[in-house]
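Encoded as structure tokens, here's the structure I'll be asking about.
What's counted below: heavy atoms across the whole structure, side chains too, no hydrogens, waters or symmetry copies. Owing to the predicted nature of the structure, the values given are computational and were not obtained by experimental measurement.
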Amino acid sequence: MNLKDLHIHIERGPYTVEWIEAFVKTAVSRNIDEINLLEHSIRFREFHKTFKEAREFSLYQKRWFDGKEKSAHTIDEFKALASEIKSREYPVKINFGIEVCWFEQHQSEIAELLSDNFFDYVIGSVHWIDNWTFNQRKYQWLGKNVNDIYKRYFEMENTLMESGIFDIIAHPDLIRCHSIFPDYDLTDTYRDFCKTANKNGVSVEMNTARGEKLGMNEEFFRIAVEEKVDFTTGSDAHCPQDVGKGIKEVTELISHK
């Protein structure tokens, strides 16, 4: 069984060989064959222009962005690290990627920033619904129309996949992160999502950090299997000790679908 963890964040440490080798060590201990080390797009200064409207949305988001801005790197710094690591021999295959926050209004800028095809995996995620962060604090949902939020979330997931920019869509079920649910049936929504993924050649991530059904609720997973989507696996690790968590289990789940 080939085990892949294609969603590992390195943001909590320096751009050094020693820091990367800490992730490799855990991958080896969990028999992971391939890893993908990445950063959120907010971690690269070149992508900050794509967060312009999100920063201006609220005081909370402005403070969040300004905090992230202080520790951001350039893409060239990341490339230098990747080149150094790839010049060495390791017992696991090491890729370098990016997780891009999807903002529809910045599609052309995002495409341009990725046009050199440097990243081994380009992962797209919906963390912001029309510039509003839905997943950081539960209280931010107070007074919101839950049905409208869900409908817009899946609209944006579909435009992400239709953009032609991304290889993988991350944690497609993230909208359920606060256990707040709409009052309508999502069956057709899930099926449309899967058809869009297949039509555009986008892989669907089973994210083992999300708990429920190791990355996707049972109904969503059942429909994804029926529609024969291409799955990938990722731990969403943000520290070395979380690399590979749940990857074996979710890979077995997918292999028996």
- Task: Measure from the side-chain N and O atoms of Ser87 to the backbone N and O of Glu84, and report whether any donor-acceptor pair falls under 3.5 Å.
- Result: yes

- Message: What I'd like to find out is whether the side chain of Val229 reaches to under 4.5 Å of the side chain of Phe193, using heavy atoms alone.
- Response: no

- Query: Looking at CG of Asn31 and CG of Leu3, how far apart are the two atoms once the value is rounded to the nearest 0.5 Å?
  - Reply: 7.0 Å

- Message: Counting C-beta onward and ignoring hydrogens, is there a side-chain heavy-atom pair between Ile110 and Gln107 closer than 4.5 Å?
- Response: no

- For Tyr150, what residues pass the ring pair (Phe, Tyr, Trp, His ring centres under 6.0 Å) criterion, not counting sequence neighbours? none

- With Phe65 via ring pair (Phe, Tyr, Trp, His ring centres under 6.0 Å) - residues at least two apart: His48

- Message: For Glu39 and His73: C-alpha separation, side-chain torsions, deciding distance, then whether side chain to side chain donor-acceptor pair (under 3.5 Å) applies.
- Response: CA-CA 10 Å; Glu39 291 273 38; His73 291 275; 4.8 Å; no

- Query: Between Phe231 and Phe221, is the ring centre distance below 6.0 Å?
  - Reply: yes

- Message: Is it true that, when you exclude Asp188 itself, more than 12 heavy atoms of the residues, nucleotides or ligands shown sit nearer than 6.0 Å to its CG?
- Response: no

- Nearest 0.5 Å, what's the CZ-SG distance between Phe134 and Cys177? 5.5 Å

- Query: What distance do Lys144 atom NZ and Ile129 atom CD1 have between them, rounded to the nearest 0.5 Å?
  - Reply: 9.5 Å

- Task: Hey, could you give me each pair passing salt bridge (Lys or Arg N to Asp or Glu O under 4.0 Å) that has a residue in residues 97-113? Not counting sequence neighbours.
- Result: Glu104-Arg152

- With sequence neighbours left out, the residues meeting ring pair (Phe, Tyr, Trp, His ring centres under 6.0 Å) with His106 are none

- Task: Say whether, by atom type as modelled, one donor and one acceptor occur between the side chain of Asp167 and the main chain of Ser203 under 3.5 angstrom.
- Result: no

- Query: Trp128 and Ile175: same hydrophobic cluster, using ILVMFWY side-chain contacts below 4.5 Å?
  - Reply: no

- Step through the shown structure and confirm whether more than 12 heavy atoms of other residues, nucleotides or ligands are within 6.0 Å of NZ on Lys79. yes

- Message: Quick one: does any side-chain atom of Gln140 pair with a main-chain N or O of Arg137 as donor and acceptor, under 3.5 Å?
- Response: yes

- Taking the side chain from Arg63 and the backbone from Ser58, do they hold a donor-acceptor pair closer than 3.5 Å? no

- Message: Measuring from atom CZ of Phe96 to atom CD1 of Ile35, what distance do you get when rounded to the nearest 0.5 angstrom?
- Response: 7.5 Å

- Message: So that I can tick it off, tell me whether Asp120 and Lys86 are bridged by a salt bridge, with the cut-off set at under 4.0 angstrom between side-chain N and carboxylate O.
- Response: yes

- Query: Would you call the rings of His40 and His238 parallel, tilted or perpendicular, where under 30° means parallel and over 60° means perpendicular?
  - Reply: tilted

- Task: Would you please name every residue forming a salt bridge (charged side-chain N to carboxylate O under 4.0 Å, His left out) with Lys195, sequence neighbours left out?
- Result: Glu227

- Query: If only atom types and distance count, is the side chain of Thr26 paired as donor or acceptor with the main-chain N or O of Pro240 below 3.5 Å?
  - Reply: yes

- Note on the structure: Tightest non-hydrogen contact, residues Tyr90 and Ile94, listed as CD1-CD1, 3.5 Å

- Message: Any non-hydrogen side-chain atom of Ile180 less than 4.5 Å from a side-chain atom of Lys138?
- Response: yes

- Residues at least two apart in sequence or cross-chain that pass salt bridge (charged side-chain N to carboxylate O under 4.0 Å, His left out) with Asp185, listed by chain then number, are none

- Check whether any side-chain heavy atom of Leu81 lies under 4.5 Å from a side-chain heavy atom of Glu77, and answer yes or no. no

- Item | Check: Thr74 main-chain N/O paired with Arg45 side-chain donor or acceptor under 3.5 Å | no

- Task: With the side chain counted from C-beta on, respond yes when Ile98 and Phe78 share a heavy-atom pair under 4.5 Å apart, and no when they do not.
- Result: no

- Does Asn36 use its side chain to pair, donor to acceptor, with the backbone of Gly97 at less than 3.5 Å? yes

- Item | From CA spacing to verdict: side-chain contact (heavy atoms from CB on, under 4.5 Å), Arg176, Met216 | CA-CA 10 Å; Arg176 296 165 61 96; Met216 190 179 293; over 6 Å; no

- Item | Shared hydrophobic cluster for Tyr153 and Phe103 (ILVMFWY, side-chain gaps under 4.5 Å) | no

- Message: Would you call the rings of Trp141 and His178 parallel, tilted or perpendicular, taking 30° and 60° as the class edges?
- Response: perpendicular

- Query: Would Phe166 and Trp102 count as a close aromatic pair, with their ring centres under 6.0 Å?
  - Reply: yes

- Message: With a 4.5 Å cut-off on side-chain heavy atoms, are Phe181 and Leu186 touching?
- Response: no

- Linked, directly or transitively: Phe44 and Trp64 (ILVMFWY side chains, under 4.5 Å): no

- Would a hydrophobic clustering, with Ile, Leu, Val, Met, Phe, Trp and Tyr connected at side-chain separations under 4.5 Å, put Ile42 with Ile75? no

- Message: Once rounded to the nearest 0.5 Å, what's the spacing between atom CZ of Phe220 and atom CZ of Arg191?
- Response: 11.5 Å

- Message: Going by salt bridge (charged side-chain N to carboxylate O under 4.0 Å, His left out), name the residues that satisfy it together with Lys62, two or more places apart in sequence or in a different chain.
- Response: Asp66

- Below 4.0 angstrom, N of the basic side chain to O of the carboxylate: do Arg222 and Glu218 qualify? no

- Query: Other than Leu142, what residues sit in its cluster of Ile, Leu, Val, Met, Phe, Trp and Tyr side chains whose heavy atoms are under 4.5 Å apart, directly or through others?
  - Reply: Tyr60, Tyr139

- For Ile247, does its backbone N or O pair with a side-chain atom of Thr233 as donor and acceptor, under 3.5 Å? no

- Task: Keeping to residues at least two apart or across chains, list the salt bridge (Lys or Arg N to Asp or Glu O under 4.0 Å) pairs with something in residues 2-22.
- Result: Lys4-Glu34

- Do Pro172 and Tyr190 have side-chain heavy atoms sitting under 4.5 Å apart? no

- Query: Val250 and Met1: same hydrophobic cluster, using ILVMFWY side-chain contacts below 4.5 Å?
  - Reply: yes

- Query: Is there a donor-acceptor pair under 3.5 Å between the side chain of Asp236 and the backbone N or O of Asn207?
  - Reply: no

- Interatomic distance, Leu113 atom CG to Ser108 atom OG [nearest 0.5 angstrom]: 9.5 Å

- Message: Please enumerate all residues that pass salt bridge (charged side-chain N to carboxylate O under 4.0 Å, His left out) together with Lys52, with sequence neighbours excluded.
- Response: Glu56

- Could you identify which residues cluster with Leu38, counting Ile, Leu, Val, Met, Phe, Trp and Tyr as linked when any side-chain heavy atoms lie under 4.5 Å apart, either directly or through a chain of such contacts? Leu6, Tyr121, Ile123, Ile168

- Item | Least distance between heavy atoms, Ser125 atom then His171 atom | CB-CE1, 3.6 Å

- Check whether NZ of the Lys or CZ of the Arg Lys68 lies under 6.0 Å from the centre of the six-membered ring of Phe51 and within 45 degrees of that ring's axis. no

- Note on the structure: Taken in chain and number order and not counting sequence neighbours, the residues that satisfy ring pair (Phe, Tyr, Trp, His ring centres under 6.0 Å) with Phe23 are Trp19

- Check: Arg30 and Lys245 side chains under 4.5 Å, non-hydrogen atoms: yes

